[in-house]
Structures are given as structure tokens and as C-alpha cells.
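Below, each value reflects all heavy atoms present in this structure, side chains not excepted, and no hydrogens, waters or symmetry copies.
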Amino acid sequence: MNKRFLQNVRFAPANSSFPLSLNDFFHLKSKAFLVHKLSESTDLFLTSSLQSSILKLGFASDNFTVNRLINSYVKLRETNTARKLFDEMPEPNVVSWTSVISGFNDTGQPQTALSVFQQMHEDRSVAPNEFTYASVFKACSALAESRIGKSIHARLEMSGRRSNVVVSSSLLDMYGKCNDVETARRVFDSMIWCGRNVVSWTSMITAYAQNARGHDAIQLFKTFNADTLTLDRPNQFMLASVISACSSLGRLQWGKVAHGVVTHGGYETNHVVATSLLDMYAKCGSLSCAEKIFLRICCHSVISYTSMIMAKAKHGLGEAALQLFDEMVAKRIRPNYVTLLGVLHACSHSGLVNEGLGYLNSMVEKHGVVPDPRHYTCVVDMLGRFGRVDEAYALAKTVEVGAEQGALLWGALLSAGRLHGRVDIVGEASKRLIQSNQQVTSAYVALSNAYAVAGGWEDSESLRLEMRRGGNVKERACSWIEIKDLVYAFHAGDLSCDESGEVVRFMKDLEKRMKERGHRGSSSMITASSSVFVDVDEEAKEEIVSLHCERLALAFGLIHLPAGSTIRIMNNLRMCRDCHEAFKLISEIVEREIVVRDVNRFHCFKDGSCTCRDFW
DNA sequence: GTAGGGTTAG
């Protein structure tokens with residue numbers, strides 16, 4: 001062996017599992033061998049050793065070899081070294097540019113990826129190819145940056161370059177992530193010319209699922225399965241998105257069917273699929289199934305723990321959620337901002353107010369998570385629910401917030417003011433919402449009612465007039481219940497079900513029993529029940545606390561309530577400060593376990609006729 | 001040689 005050559009190769013420490021055999025050293029002069037080793041390298045020490053050889057052997061000016069070296073560093077997430085090599089290239093080619101762009105994407109630096117693309121555009125010496133465009137659209141997706149994405153899309157169209165399935169998939173994914181579902185669909189439809197594969201179908205299903213178009217997502221999944229042109233079968237990516245669509249619709253039966261497909265396809269052990277199933281069961285009211293899935297996950301992540309914490313929190317099991325959080329921290333799984341939102345949510349929905357404040361104040365110090373407006377909104381909501389409205393207001397005023405997140409913050413305060421009859425707080429929150437052009441209709445209605453309650457009828461009337469002139473029409477709130485595999489919908493103000501009969505009798509009985517137990521919020525149940533014509537109650541109906549449908553239907557079946565009544569009771573119970581206590585009591589009355597589910601995120605469906613059978 | 005899709009909040 002050439003002694004001088006060996007001096008150029010850095011050797012690994014004695015205890016390292018260095019991936020070059022003695023035999024390999026005899027081939028180190030060969031460019032093909034170096035390139036081959038680079039593509040295999042999963043070891044920074046090996047890649048840097050190979051780099052030394054490349055330099056010494058005079059391959060530094062060879063684009064092909066240097067590109068391989070750049071790719072090797074990119075795979076090792078050493079983007080700074082990759083960038084340095086790139087910057088030193090006298091004439092980088094399109095692969096060099098694209099490798100660097102894709103490297104920044106893969107290491108969570110999409111902004112830098114876009115700036116490299118911009119530099120490439122200004123440089124003008126090399127034209128981007130399909131690979132470059134696919135990487136750039138991916139960067140735009142990560143940033144949800146539709147303005148830049150659209151201009152690059154236009155540049156691609158003008159270049160006359162034919163799009164392929166990968167470029168089009170990344171393009172439609174970008175539009176989906178930027179909430180432009182219609183353009184995403186147009187791209188998907190245009191793909192009939194370049195062909196579609198399981199990735200493009202998944203991207204479109206995901207675009208629907210992530211943009212509150214769950215029915216369209218499921219419809220497209222059905223079309224995919226019926227499509228005779230594709231030989232692809234649903235894989236773990238597609239199933240995770242379909243399950244997410246079922247969650248967003250709150251359709252337990254569809255979710256169960258999707259679970260069947262998961263089991264049939266052998267994807268139950270995939271942790272992303274399992275997490276989406278967990279979330280689906282929790283959102284569709286079946287906490288016990290969610291827990292079963294959670295216990296089966298062998299390799300837990302921050303997301304699986306966060307989903308389970310959130311599930312318990314939403315089902316009113318605050319202490320169990322906090323216990324799970326402790327377990328997660330003990331396992332050294334680092335919580336993120338969503339986990340802390342779950343923890344605060346747990347405190348908020350279980351009356352653990354001081355604990356919640358403690359978590360908010362120690363987030364940075366203990367978990368390294370800086371509270372953002374969403375965390376403050378959760379705490380404002382928590383303080384407001386438990387009557388500490390002034391503290392909630394004081395906290396809200398300290399939060400620096402944009403219009404969109406401000407709507408949530410001041411919306412939470414508005415609810416608190418309304419719940420506790422604080423006209424001043426309702427007025428303040430409503431004004432802020434109207435000024436920032438957010439939730440204007442809700443704010444007008446709340447403010448008008450607040451004036452009316454305080455006796456300011458003229459102010460109230462003039463506000464209503466102003467609201468009508470501005471064309472602000474209140475959308476009708478809608479709730480629904482799934483019994484077996486059929487869905488029944490009920491609109492606010494719809495009096496088709498017997499309001500004054502069995503529902504009110506049931507509520508009065510519940511109120512009596514709660515008073516006997518010393519609970520104080522019960523009077524608002526009947527107030528809400530009997531004031532369905534007042535706008536403030538219409539507002540309240542948008543913030544629905546729902547019950548586990550199937551069990552509840554069975555439960556209420558025992559006391560012969562019509563199916564629609566359950567929805568009325570749910571809406572009325574939402575007004576009750578001790579609603580979890582009320583649920584417990586109902587469980588005892590009907591001798592069935594009842595699980596609470598929060599359907600705030602769900603969207604009004606239009607088609608109640610779909611059943612499990614025509615889904616699959 | 002380089003490229004695309006999935007799960008967690010409100």
C-alpha cells in the first residue's frame with residue numbers, strides 16, 4: 001500500500017466501528033469506489049475521511065464527485081459543511097443546487113432552501129429541473145407560503161417544462177398546506193396527463209382532511225379504491241389521513257371501518273397510524289378504545305403522549321392527564337408546545353386552576369417551552385370558566401397577539417364575561433373583536449345582549465341595526481348525533497323536538513338532584529333550556545359539549561327520550577358550570593358510563609345519509 | 001447523482 005496515500009486517510013479511534021475494511025484501502029484511489037462509499041456512508045467520520053481523499057487525489061473540481069460528497073453531508077444533516085462545499089464549487093450544476101436546497105428542507109430550514117433557490121434564479125447560469133421544483137414546492141409547503149409558491153408555479157409553467165408526478169404531487173401538497181384546496185384539486189385533476197400514484201392521491205386526501213373537508217377526503221378515498229387504473233393499495237400514509245378525516249367528522253362508524261382497513265393491511269404497528277387511530281377514537285367519544293390503542297403502541301413519541309393527554313383532558317379526566325404528563329417526562333420524552341396546551345386544557349376542564357397557573361409559569365424553566373398566545377388563551381379560558389374573570393382580563397391585556405389568534409383570546413374572554421354576567425368584560429372583548437374585524441357577528445350579538453341585560457335597550461337596538469346594515473348575518477349553529485351508523489342533525493332554533501316536554505322534565509330532575517348534592521351551577525341549565533329564543537343562547541350553542549353518541553343514545557333510550565333530545569340536553573348542559581358533575585349524575589341515573597366529547601372543531605355536515613356500508 | 005405524501009391544539 002502506498003504509505004504516502006495512507007497518511008491522507010484519517011483513521012478512526014481504536015474503539016470505533018470504522019466502516020472501511022483493510023481491503024477497501026487498496027481501492028481508495030478509485031473515483032468510482034470513493035463515490036460508492038460516499039453513497040453508503042452513515043458515518044460522519046467516514047465521509048470526512050473520504051473528503052480528505054477526494055481533495056488529495058484532485059477530484060475537488062469534479063462536479064459529480066463533489067455532488068456526491070454534498071449529498072453525503074446532507075444525509076448526515078451537516079448542512080453547513082454541505083453549503084461550504086457548494087460555495088467553493090467554481091461551476092455548480094443543477095444537481096449541486098438541488099442537493100443543497102433539498103438538504104435545507106430535510107433539516108427543517110425551508111426559508112434557507114428558498115433563499116438558495118432565489119440565488120439560483122438570480123445567478124441564471126443553471127436552470128432548475130423537475131427535482132429542483134419538487135424541492136422548492138416542499139419548502140413552500142413547510143412555510144405555508146402560497147404567495148411565493150404561486151409565483152414559482154407560474155415560473156414553472158412559463159418554462160415550458162413538463163411536469164411529472166412528483167412535481168405535481170408536491171405542488172398540490174403545497175396548495176393544500178396553504179389552505180387553497182380548490183387549486184390543489186385543479187392540480188390533481190390535471191394530473192390525468194402525467195399519471196397519478198398513491199402519493200398524489202394521498203396528497204389530495206390530506207389536503208381535504210386538513211382543510212375541514214372530511215367528506216370530500218372520504219369520497220376521494222372511495223374513488224381511489226374503485227379506480228381501476230391504479231394498482232396501488234392504501235398504505236400507511238393514506239390511512240393516517242383518512243382516519244384523521246373520520247376524526248374531524250366525528251364519525252365513529254367510519255373510523256371503525258378505517259381501523260378494519262388498517263388491520264387488514266397490517267399497518268396497526270405503524271406509530272403514525274396508531275396515533276391517528278388513538279386520536280380518532282378519542283374525538284369520536286370512545287376513550288376506552290383510545291386507551292387500548294395507546295397501550296399497544298410500543299415506541300411512544302411526544303405525539304402519542306400528547307394525543308392521549310389531550311384525550312383525557314377533553315373527557316374531563318384532568319388528573320389522569322397530568323399523571324400521564326409526569327410519566328412522559330419521567331421517560332425523558334420532551335414535551336412540545338402542543339403537549340403543554342394539552343396540560344393546560346386538562347387543568348381548565350377539570351377545575352385545576354392553580355395547577356394550571358403553575359404549569360404556565362414554569363413552562364420555560366422546567367420544559368423549555370415558551371408560552372405563546374395559544375397557551376395564554378387556554379389560561380384565560382380556564383380563569384374565566386371558574387369565575388376569575390378579572391384575572392383573566394388582566395392576563396389577556398398582557399398578551400401581544402395578531403388578529404387571528406387575538407380572536408381566540410378575546411373570544412375566550414367574551415365567553416367568560418357572558419357566562420358570569422359581566423357586561424363590562426363582554427363589552428371590552430366584543431369591542432376588541434369588532435375592531436380587529438374578527439368574529440364580528442358573534443361580537444355584535446354578545447355586545448347587543450350585554451347592553452340589553454344592562455338596560456341599554458337603545459344601544460342594543462342601534463347595534464343590531466348597525467350589524468344588519470353591515471350585512472352581518474348569524475349562521476345557524478348545528479349539532480348532530482350519530483346513532484348506529486346514521487346521523488341526525490339539529491339546527492339552533494329548530495323546535496321540531498319536544499322542548500317543553502321530556503327534555504325540560506329531565507333537566508329539572510337533574511337540577512334537583514344536583515342541588516341535593518350541593519352543586520351551584522344547576523340553575524343555569526333550566527335558564528338555558530327555557531331561553532332558546534335569545535341570541536345569547538344561540539351563541540352558546542356553537543360551543544357545544546357533546547356526549548358519546550352511541551352509548552348516550554342507548555342510555556337515553558332507557559328513559560324513552562326522543563333521539564333529538566340528547567342534543568338539546570348537551571347544549572343546555574354546556575351552560576352548566578358543573579357540567580362534568582351533571583354527566584356523572586346522568587351516568588348514575590341511567591346506569592351507564594357516559595363519555596364527554598368536545599366537538600368544537602367539527603364542521604357541520606350536509607349529508608346525513610351516508611352509512612358504513614356505502615363507505616366501503 | 002438530486003425529488004413528492006401521513007399523526008398531536010383551537
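Atoms OH (A:Y281) and P (B:dT7) sit 18 Å apart, rounded to a whole Å.
Take A:E78 and apply the side chain to side chain contact (heavy atoms under 4.5 Å, CB included) test, not counting sequence neighbours, and it matches A:L44, A:Y73, A:L76, A:T81. By the side chain to side chain contact (heavy atoms under 4.5 Å, CB included) test, A:D189 is found to be paired with A:R185, A:R196, residues two or more places apart in sequence or in another chain being considered. Under the rule for a side chain to side chain contact (heavy atoms under 4.5 Å, CB included), A:S151 has no partner lying at least two apart in sequence or in another chain. Residues passing the side-chain hydrogen bond (donor to acceptor under 3.5 Å, both in side chains) test with A:D123 are A:S125, sequence neighbours excluded.
For A:N129, the side-chain atoms get nearest to B:dT2 when compared with the rest of B:dT2, B:dG10, B:dT7.
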Output a table of donor-acceptor pairs, distance under 3.5 Å, between side-chain atoms of residues 289-297 of chain A and any protein atom two or more places apart or on a different chain; print 'none' if there are none.
{"from": "A:E291", "atom 1": "OE2", "to": "A:K312", "atom 2": "NZ", "distance (Å)": "2.5"}

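A salt bridge links A:K138 and A:D106; the closest N-O separation between the charged side-chain nitrogens and carboxylate oxygens is under 4.0 Å.
Only A:N93, A:V95, A:T98, listed by number, bring a heavy atom of residues 81-101 of chain A to less than 4.0 angstrom from any atom of DNA chain B. For the contact set between residues 171-190 of chain A and DNA chain B, defined by any heavy atom under 4.0 Å, the members are A:D173, A:K177.
The stretch residues 332-343 of chain A participates, sequence neighbours left out, in no salt bridge (Lys or Arg N to Asp or Glu O under 4.0 Å) pair at all. Residue pairs meeting the salt bridge (Lys or Arg N to Asp or Glu O under 4.0 Å) criterion with at least one member in residues 198-219 of chain A, sequence neighbours excluded: A:E182-A:R213, A:R213-A:D216.
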